[in-house]
Amino acid sequence: MPTQIENNFSKNMVIATMAIVGTLLLVSTIINNSSSNMSVNAQVQQQQTPKEAPEKGTVFVFNEKSRPANEPEKCAQLASVVKGKAVPDYNLCDIVVYCQAPPIVRNDGMVMNNFSGIGHYIEMVPAVTNDTGQFASTSASNSTQQNNQKVAFGEWALIDPEVVPVEQIMQKYNWTQTALHHHLLNESPKILFLHWSVTGDADELIKQAKEIIMQTATYQNLTGNTRTPTSGGP
């Protein structure tokens, strides 16, 4: 009889153990499935969640005065007097007059005339005037005249025979010559750059600049029916 009881007890223990093991396996499977589903859901949510837009590039303004041009129409009007290209920027007016003649040829055969650096360059900025005390403006016309006062800097691109005639007109109007030098090597014909500065009424200065440019082949060519030479052909 004791043996029968022991056998039954052993069977019951085995059954209980198997039930526990089965339960543990079932729980483990449920946990693993649940974890897997959570991982899949997380990946799906991550894919569905819209990505943040990339940060926009920051524009760094190194010159705090790089703002919209104050007088673009005025700059264009000044440029038209010398048949040049106006480049207005804030209170700055740049005028470029391309050197139309003669063709300036580099040693490798490239014609340089269509580069803005091979031309006449005029840059104007407002002149700082004393508008206090006894120098204060007394009328609107005086104020307008002061607003039109400019400090101008620039350079002329000249071949050798043009230097003296240009210098003579500059001296006539008291323009200050600040440099005369070369920018290039081995070009033909050799081109010289005459730098200058002057202060005065913008409308008068541009007329004087026209008279100066008329001493060069550039202006004479611009008034005729000719084309700017290029490396690609006439």
Side-chain angles (χ1 to χ4, degrees), residues 59-100 115-158 162-183 191-220 222-223:
V59 177
F60 294 95
V61 179
F62 296 99
N63 180 0
E64 62 179 10
K65 293 187 177 181
S66 293
R67 302 169 186 168
N70 286 341
E71 299 179 308
E73 296 84 4
K74 177 65 175 180
C75 188
Q77 180 267 323
L78 293 171
S80 67
V81 175
V82 290
K83 303 184 184 298
K85 178 179 180 180
V87 187
D89 182 16
Y90 188 42
N91 59 359
L92 178 72
C93 175
D94 286 350
I95 300 170
V96 179
V97 182
Y98 290 90
C99 181
Q100 300 290 297
F115 289 89
S116 60
I118 307 296
H120 309 305
Y121 184 72
I122 302 168
E123 185 171 74
M124 292 188 181
V125 295
V128 177
T129 57
N130 188 344
D131 197 28
T132 60
Q134 62 179 327
F135 302 103
S137 299
T138 57
S139 67
S141 60
N142 287 340
S143 178
T144 302
Q145 289 176 359
Q146 286 189 0
N147 291 337
N148 209 37
Q149 288 292 304
K150 306 293 183 183
V151 176
F153 302 89
E155 63 182 7
W156 312 122
L158 310 171
E162 298 171 344
V163 173
V164 173
V166 163
E167 288 179 332
Q168 290 175 341
I169 303 300
M170 287 175 55
Q171 292 169 6
K172 173 183 173 182
Y173 293 113
N174 295 319
W175 289 40
T176 301
Q177 179 174 325
T178 57
L180 180 64
H181 56 211
H182 299 295
H183 287 185
I191 189 166
L192 292 152
F193 291 86
L194 193 159
H195 293 248
W196 50 265
S197 65
V198 66
T199 301
D201 179 86
D203 296 318
E204 292 302 318
L205 292 180
I206 203 66
K207 291 176 183 177
Q208 296 167 13
K210 177 180 179 180
E211 187 175 346
I212 291 170
I213 297 175
M214 286 180 66
Q215 311 309 309
T216 73
T218 293
Y219 193 85
Q220 296 166 16
L222 278 172
T223 56

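Side chains included, hydrogens not; waters and symmetry mates left out as well; all remaining heavy atoms used.
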Look up atom CG in N148 and atom NZ in K74, then write down how far apart they are to the nearest 0.5 Å. 4.5 Å

Could you state the interatomic distance from NZ (K150) to CG (D203), rounded to the nearest 0.5 Å? 9.5 Å

Is it the case that the side chain of H120 and the backbone of A157 share a donor-acceptor pair, with hydrogens and angles ignored and the cut-off at 3.5 Å? yes

Search all heavy atoms of I206 against all heavy atoms of L78 and return the closest pair with its distance. CG1-O, 3.2 Å

Set out, in order, the CA-CA distance, both residues' side-chain angles and the distance that settles side chain to side chain contact (heavy atoms under 4.5 Å, CB included) for Q149 and D201, then state yes or no. CA-CA 5 Å; Q149 288 292 304; D201 179 86; 3.9 Å; yes

Between W196 and L194, what is the shortest heavy-atom contact and its length? CD1-O, 3.5 Å

Which class fits the ring pair H195 and H181: parallel under 30°, tilted 30 to 60°, perpendicular over 60°? perpendicular

Check Q208, E167, E211 against K172 for a side-chain contact (heavy atoms from CB on, under 4.5 Å) and give me the one that passes. E211

Provide the closest heavy-atom pair for A209 versus V82 in the form atom of the first, atom of the second, distance. C-CG1, 4.3 Å

What distance separates W156 CH2 from W175 CH2, expressed to the nearest 0.5 Å? 4.5 Å

For A79, all residues meeting side chain to side chain contact (heavy atoms under 4.5 Å, CB included), sequence neighbours excluded: A86, I95

Atom pair CE/OG of M170 and S197 - distance to nearest 0.5 Å: 8.0 Å

Kindly indicate, with the supporting measurements, whether the criterion side chain to side chain contact (heavy atoms under 4.5 Å, CB included) is fulfilled by E71 and M124. CA-CA 11 Å; E71 299 179 308; M124 292 188 181; over 6 Å; no

From NZ (K210) to CD1 (I169), nearest 0.5 Å: 13.5 Å

Say you draw a straight line from CG of N174 to OG1 of T199; how long is it, rounded to the nearest 0.5 Å? 11.5 Å

